[in-house]
Number of protein chains: 2
Amino acid sequence: MTELDSGKRMQIAERLKEARKLAGLSQSHVAKMLGLHRPSISEMEAGNRRVSADELARLAETYDVSVAWLLGEAPETLDAQDPRLELAARELSKLKPDDLERLLKLLAAMRSDSTANGGNR
Amino acid sequence: MTELDSGKRMQIAERLKEARKLAGLSQSHVAKMLGLHRPSISEMEAGNRRVSADELARLAETYDVSVAWLLGEAPETLDAQDPRLELAARELSKLKPDDLERLLKLLAAMRSDSTANGGNR
DNA sequence: GTCTGATGTAAGATTATCTTACCACGTGTC
DNA sequence: GACACGTGGTAAGATAATCTTACATCAGAC
């Protein structure tokens, strides 16, 4: 919380404000919808107040935007560059939960095994 | 916070715990990464403590899952409703080609093992 | 048994949020 | 002009959360 997060909080604050305006809502209106007081909304958008995870979800819904965008993240769409990954994913989805668990543990083991390795991507 | 939010918070809590375990990290480890104390992580995962928006973003990054999933929301990219698939796919992308081959065969074996299976998706 | 690491939880100190209130600004209306 | 109204920013004490340290339990390794 030193001041590193404050940068992120500021960014979130800006997005919240922008999203609200795009939705054509006033702070009062939003406050009522979420069951909060108006000053809370004001402080959120000023970056002086933390936004909780559940509030974030409700805000995203209210403003009709994605939480990811509110958090200042990029669109991103998992890279399915390697066709084998797609194949693997398909296989994975066919596994039973228990099997998936085992596999994930195996993967974790592989990962901690080759610590110094330099992956690829 | 009457008790309506607590439902959502509980759901988030569960996802946080699951995501951490899938990432193969301990609470202590995560606490250090985020610059928090361990009890904070423990309480977050118990649903007794709110998670701020910026913490949520950092946790999602740390666990390699989407914030949307942590919030208990629907799928995003890929056919993965289960972030474990996404996680697994990411892990797979780090493997060497040979290892990937062997893994795929192992997957096939697992699948034919559990013939009586039934449910997927 | 003993040690270590992981996790849960308690209690006082600390800090953030809530609630109410007041302020300024802009827009109409009379 | 004065007036009311909606909007948004901010202050201050009461309230509620989190933080920090500590202790406790459980599982596994030696």
Exercise. Atom CZ of B:Arg9 to atom C1' of D:dA16: distance rounded to whole Å?
Worked result: 12 Å
Exercise. Would B:Glu55 and B:Leu36 satisfy side chain to side chain contact (heavy atoms under 4.5 Å, CB included), going step by step from the backbone distance to the final call?
Worked result: CA-CA 10 Å; B:Glu55 286 167 347; B:Leu36 299 174; 4.2 Å; yes
Exercise. Of the candidate nucleotides C:dT7, D:dG8, C:dT9, which contains the atom at the shortest distance from the side chain of B:Glu43?
Worked result: C:dT9
For this session: May I have the distance from B:Leu25 (atom CG) to C:dA6 (atom C1'), rounded to whole angstrom?
Result: 13 Å
For this session: Spell out yes or no: do the side chain of A:Arg38 and the base of D:dG6 have one donor N/O and one acceptor N/O closer than 3.5 Å?
Result: no
Exercise. Mind checking whether B:Leu59 and B:Met44 have side chains closer than 4.5 Å, heavy atoms only?
Worked result: yes
For this session: Can you tell me the distance, in whole Å, between the CG atom of B:Asn48 and the P atom of D:dA17?
Result: 11 Å
For this session: Could you pull out the closest heavy-atom pair between A:Ala60 and A:Ser66, with the gap in Å?
Result: CB-C, 4.2 Å
Exercise. Within the pair B:Gln27 and C:dG8, is there a side-chain N or O less than 4.0 Å away from OP1 or OP2?
Worked result: yes
For this session: Give a yes/no on whether any side-chain N or O of A:His37 is located under 4.0 angstrom from OP1 or OP2 of C:dT19.
Result: yes
For this session: Check every atom of D:dC19, C:dT20, D:dA22 against the side chain of B:Ser40 and return the nucleotide holding the closest atom.
Result: D:dC19
Exercise. Looking at B:Lys17, does any N or O in its side chain come under 4.0 Å of the phosphate oxygens OP1/OP2 on C:dG8?
Worked result: yes
Seminar exercise, completed: In this structure, CG of A:Asn48 is separated from CZ of A:Arg9 (nearest 0.5 Å) by 8.0 Å
Seminar exercise, completed: Taken to the nearest whole Å, CE/B:Met44 to P/C:dT7 is 14 Å
Exercise. In whole angstrom, what separates A:Glu45's CD from D:dT10's P?
Worked result: 12 Å
Exercise. Which one, C:dT7, D:dA17, C:dT19, comes nearest to the side chain of B:Arg50?
Worked result: D:dA17
Exercise. Which nucleotide in the set C:dC18, C:dT19, C:dC22 lies at the smallest distance from any side-chain heavy atom of A:Leu36?
Worked result: C:dC18
For this session: Select base, sugar-phosphate, or nothing to describe what B:Ser42 touches, counting heavy atoms under 4.0 Å on all strands.
Result: base
Seminar exercise, completed: Of C:dT17, C:dA10, D:dT10, the nucleotide closest to the side chain of A:Arg49 is C:dT17
Exercise. Given side chains that start at C-beta, do those of A:Glu18 and A:Trp69 come closer than 4.5 Å, heavy atoms only?
Worked result: yes
